[in-house]
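For reference, the structure is listed below as structure tokens.
All chains are named by letter (A, B, ...) in the order of the sequence lines, taking the proteins before the strands, and each is independently numbered beginning at 1.
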Amino acid sequence: MFIKDVLESGDALEGKEVAIRGWIYRKRSSGSVVFLVVRDGTSIIQAVVKKGEADVESFAQASQATIESSVELKGTLRKDERAVTGCEISTKSLSIVSLAEDFPIKGGEGEEFLLDNRHLWLRSRGIASLLRIRMSILKELREFFEGKKCVEVQAPTFVSGACEGGATLFEVPYFDRKAYLTQSAQLYLEVMIFSLNRVYTIAPSFRAERSRTRRHLTEYWHAEAELAWFDNSKIMDFEEELVTRVFNKVSESKEYEILGKRPKELITPFQRMDYDEAIEIADVEWGEDLDYRAEKKITSDSEEPIFVYNYPKKAKAFYHRPNPDNPAVVLCHDLLAPGGYGEIIGGGERIHELDILLKRIEEVGLNPDDYYWYIDLRRYGSVPHSGFGLGVDRLTNWLVMGKHIKDVVPFPRMMRRLNP
RNA sequence: GCCGCCGUAGCUUAGUUGGUAGAGCACUCGGCUGUUAACCGAACGGUCACCGGUUCGAGUCCGGUCGGCGGCGCCA
């Protein structure tokens, strides 16, 4: 049975025989007693193997077993304060399924060594907890979207050109042509609202930016949504509800006991500030995008995320809808997480008017032919709509109060890391 | 792309004005009937990242190369 079920059985299994299998996590021995802490992916439990109590062959196997050897064992469950998880198994029989070679990770290793051995490091309790929290975040995101009648869809990973005209795409050979790895599903999601009204996708995005910070990966998970009939303000309401719900639900997870810390509950509403207000706080010139230093200044007094909205047109991508009252700015927003975790959401209202879109495409020097399908949407029953992209790994890193985004991804991909 | 830092045993590292490379942990062997990163004893373990230079002599000084780390810019 699973160790977790054994631990949660209360008194029901006290004194009864239990059988578990897993991997040896810790081993201590003293002549005629071997203590094995066994890990099975659900939890850990101590097994005590005593000469005389266990059969001769089992005792020999226990003495011989190495860290990370896989084992099967049977014995009597007993409460014991001295054991890590409060109870232990007095082992009657034990067999090694596969004897592990000397395990390279034993504590005290440096970051680089651990990353080179990420495939083995992943077995640690801390990373296992992080991965379970990551799973809950994805689950809560999906539940939230589903509750809002959003349909989960998929967009292609191979694309023929930039979504945003940036020069940060990974180029890959595609038969006799060049293709690129997507950096956003947004344009495809906009297509699908005409079929499904509200859509979302959770998928990897790729950016060939030479970024070396605690907030960047070259491959990251992107939760993107696009909703018909939403304006910039309504979509911020939606995001605020989403972030709060996911954050507060996930922060109740038991995994935080293993991590030894737990985030504080998020309180709504989040502060919303106009770009003009933001640049005054951050001491940035009008027209510039907000850099990381500015983001930190803006969020420094807050424990909640802060929306900054209506950026100058020239600081943002072509598809953002210009403000009809002030065409120098576009109806968009970023959501900045507190504590230096950076921008976790970027979103806004999309241009739904054909003439304005064509003008913008021309202004930024893109070829309208490449976007014929995107432009077509504005010809056949266009509607006002908005959407956003959320950095799942950044959200996760913030939720676990992590040091570096790479820690919350099983196999992080960065400028200088492609292995394991 | 820019700025700063680092590379010594399997791992983590010390190494003074240039003078025979030192430790802790792990592995191996021995001991131990309640361990919590168990403990005690012994033994083992080095192309000092690589290439070149200065020097009687380089882990140490100089030049270059490679690899990595942190931060910024850019972004989610």
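On a pure distance criterion of 3.5 Å, a polar donor-acceptor pair joins the side chain of A:Glu88 and the base of B:rG34. Taking 3.5 Å as the limit, the base of B:rG34 and the side chain of A:Arg78 contain a donor-acceptor pair of atoms between them. Judged by distance alone with a 3.5 Å cut-off, a donor-acceptor contact links the side chain of A:Ser211 to the base of B:rC74. At a cut-off of 3.5 angstrom, the base of B:rC74 holds no donor-acceptor pair with the side chain of A:Arg212. Within 3.5 Å, no donor on the side chain of A:Thr213 pairs with an acceptor on the base of B:rG73, nor the reverse. In this model, no side-chain donor or acceptor of A:Arg210 finds a partner on the base of B:rG1 within 3.5 Å.
Ring centroids of A:His222 and A:Tyr220 are separated by less than 6.0 Å, placing the two rings close together. Residues A:Phe113 and A:Trp121 place their aromatic rings such that the two centres sit no closer than 6.0 Å. Taking the six-membered ring wherever Trp is involved, the centroid distance between the rings of A:Tyr371 and A:Phe318 falls below 6.0 Å. Residues A:Phe144 and A:Phe238 bring their aromatic ring centres within 6.0 Å.
Phosphate proximity of B:rC69 to A:Arg416: absent, as no side-chain N or O sits under 4.0 Å from OP1 or OP2. The side chain of A:Lys406 contributes an N or O atom lying less than 4.0 Å from OP1 or OP2 of B:rG70.
Note that A:Arg28 lies outside the cation-pi zone of A:Phe35, set by a 6.0 Å cut-off to the ring centre and a 45° limit from the axis.
Looking at the side chain of A:Arg82, the nearest of the listed nucleotides B:rC75, B:rG70, B:rU35 is B:rU35. Here B:rU35 is the nucleotide among B:rA26, B:rC75, B:rU35 with the atom lying nearest to any side-chain atom of A:Gln46. Nearest nucleotide to the A:Arg215 side chain, out of B:rC75, B:rC11, B:rU35: B:rC75. Distance from the side chain of A:Phe113 is smallest for B:rC11 among the nucleotides B:rC75, B:rC11, B:rC69. Considering only side-chain atoms of A:Arg28, the nucleotide from B:rG34, B:rA37, B:rG70 that sits closest is B:rA37. Relative to the side chain of A:Glu295, the nucleotides B:rU35, B:rC75, B:rG73 differ in distance, and B:rC75 lies closest.
Going from atom CD1 of A:Ile405 over to atom C1' of B:rC74 covers 14 Å, rounded to whole Å.
Centre separation under 5.5 Å together with a plane angle under 30° does not hold for the ring of A:Tyr292 and the six-membered base ring of B:rG73, so they are not marked as stacked.
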